[in-house]
Amino acid sequence: DTGVSQNPRHKITKRGQNVTFRCDPISEHNRLYWYRQTLGQGPEFLTYFQNEAQLEKSRLLSDRFSAERPKGSFSTLEIQRTEQGDSAMYLCASSLAGRRAEAFFGQGTRLTVV
Amino acid sequence: AQRVTQPEKLLSVFKGAPVELKCNYSYSGSPELFWYVQYSRQRLQLLLRHISRESIKGFTADLNKGETSFHLKKPFAQEEDSAMYYCALSSGSARQLTFGSGTQLTVLP
């Protein structure tokens, strides 16, 4: 599968622990997005990278969340001091630059905070 | 701020019947709208976008700026169309997507 890859697929963690997710985009894509999806809702935008620069952050991205894309390739999303409200599916998407470029999604990481 | 509304969480139709999934949006600029589909156990994927004005898998969607709608239609539903459908709007310099809450379509035999 040469699409967007996310690891792990599932993560169960205790409240208060830190977790980190990884996203490997399609190799030539310079845009990378993180979204969060809770039960019964559509995905909500969290943050956006163009190459290694983080250019947009949603107000949903609290201080406990940090994302990086150090070499403009893979990205990580870290949540510190997890809370039960952080339980959700975390989706990564990538695209080429350009107004009409299609975003390709990964299969997501499902986080459960107990 | 932009908003996408899909009023139906669940929609069931019989095979061969027409289907229409509703989507309304609010956006102050010139909208760019999409339909995404997620089949069971698969990732979210683009179905169609309004600028292409094309038919994909028999589905079409017309942007109606007067009614701020982008409804998805298919004249004859097939069982393999059963899936979750999301309407989305692209905005901002990042072209991030604002999604509706989705409609689960079930096509009955």
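Here the closest heavy-atom approach between residue A:Tyr48 and residue B:Ala94 is recorded as CD2-CB, 3.1 Å. When all heavy atoms of A:Phe45 and B:Gln96 are compared, the closest pair comes out as CD1-CB, 3.4 Å. Between A:Gln37 and B:Tyr86, the shortest heavy-atom distance links the atoms NE2-OH, 2.8 Å. Closest approach of A:Val4 to B:Arg43, counting heavy atoms only: O-NH1, 2.8 Å.
Between B:Leu97 and A:Tyr35, some side-chain heavy-atom pair lies under the 4.5 Å cut-off. Under the 4.5 Å side-chain criterion, counting only non-hydrogen atoms from C-beta, A:Glu102 is not in contact with B:Phe34. Proximity of A:Pro43 to B:Tyr36: side-chain heavy atoms (C-beta onward) are nowhere separated by under 4.5 Å.
Atom CG of B:Leu44 and atom CD of A:Gln107 lie 11.0 Å apart (nearest 0.5 Å). Taking CG from B:Leu46 and CZ from A:Phe104, the interatomic distance works out to 8.0 Å, rounded to the nearest 0.5 Å.
With respect to chain B, the highest number of heavy-atom pairs below 4.5 Å among A:Ala103, A:Ser58, A:Ala97, A:Gly108 belongs to A:Ala103.
Criterion: ILVMFWY side-chain heavy atoms under 4.5 Å apart, direct or through other members. Under it, A:Trp34 and A:Met89 are not part of a common hydrophobic cluster. Criterion: ILVMFWY side-chain heavy atoms under 4.5 Å apart, direct or through other members. Under it, A:Phe105 and B:Leu48 are not part of a common hydrophobic cluster. A:Leu32 and A:Tyr90 fall within a single hydrophobic cluster, where Ile, Leu, Val, Met, Phe, Trp and Tyr are joined by side-chain heavy atoms under 4.5 Å apart, directly or via other members. B:Val37 and B:Met84 fall into different hydrophobic clusters, where Ile, Leu, Val, Met, Phe, Trp and Tyr side chains are chained together by heavy-atom contacts under 4.5 Å. Both B:Tyr39 and B:Val107 sit in one connected hydrophobic cluster of ILVMFWY residues. Membership requires side-chain heavy atoms under 4.5 Å apart, directly or through other members.
With a threshold of 4.5 angstrom between heavy atoms, B:Glu32 approaches chain A through side-chain atoms but not through N, CA, C or O. Heavy-atom distances place the backbone of B:Arg41, and not its side chain, under 4.5 Å from chain A.
Remark: B:Glu67 CD is loosely packed, at most 12 non-hydrogen atoms of other residues, nucleotides or ligands lying under 6.0 Å away. The environment of CD in A:Glu68 is sparse: at most 12 heavy-atom neighbours from other residues, nucleotides or ligands sit within 6.0 Å. Shown here is B:Lys9, whose NZ atom has more than 12 heavy atoms of other residues, nucleotides or ligands within 6.0 Å.
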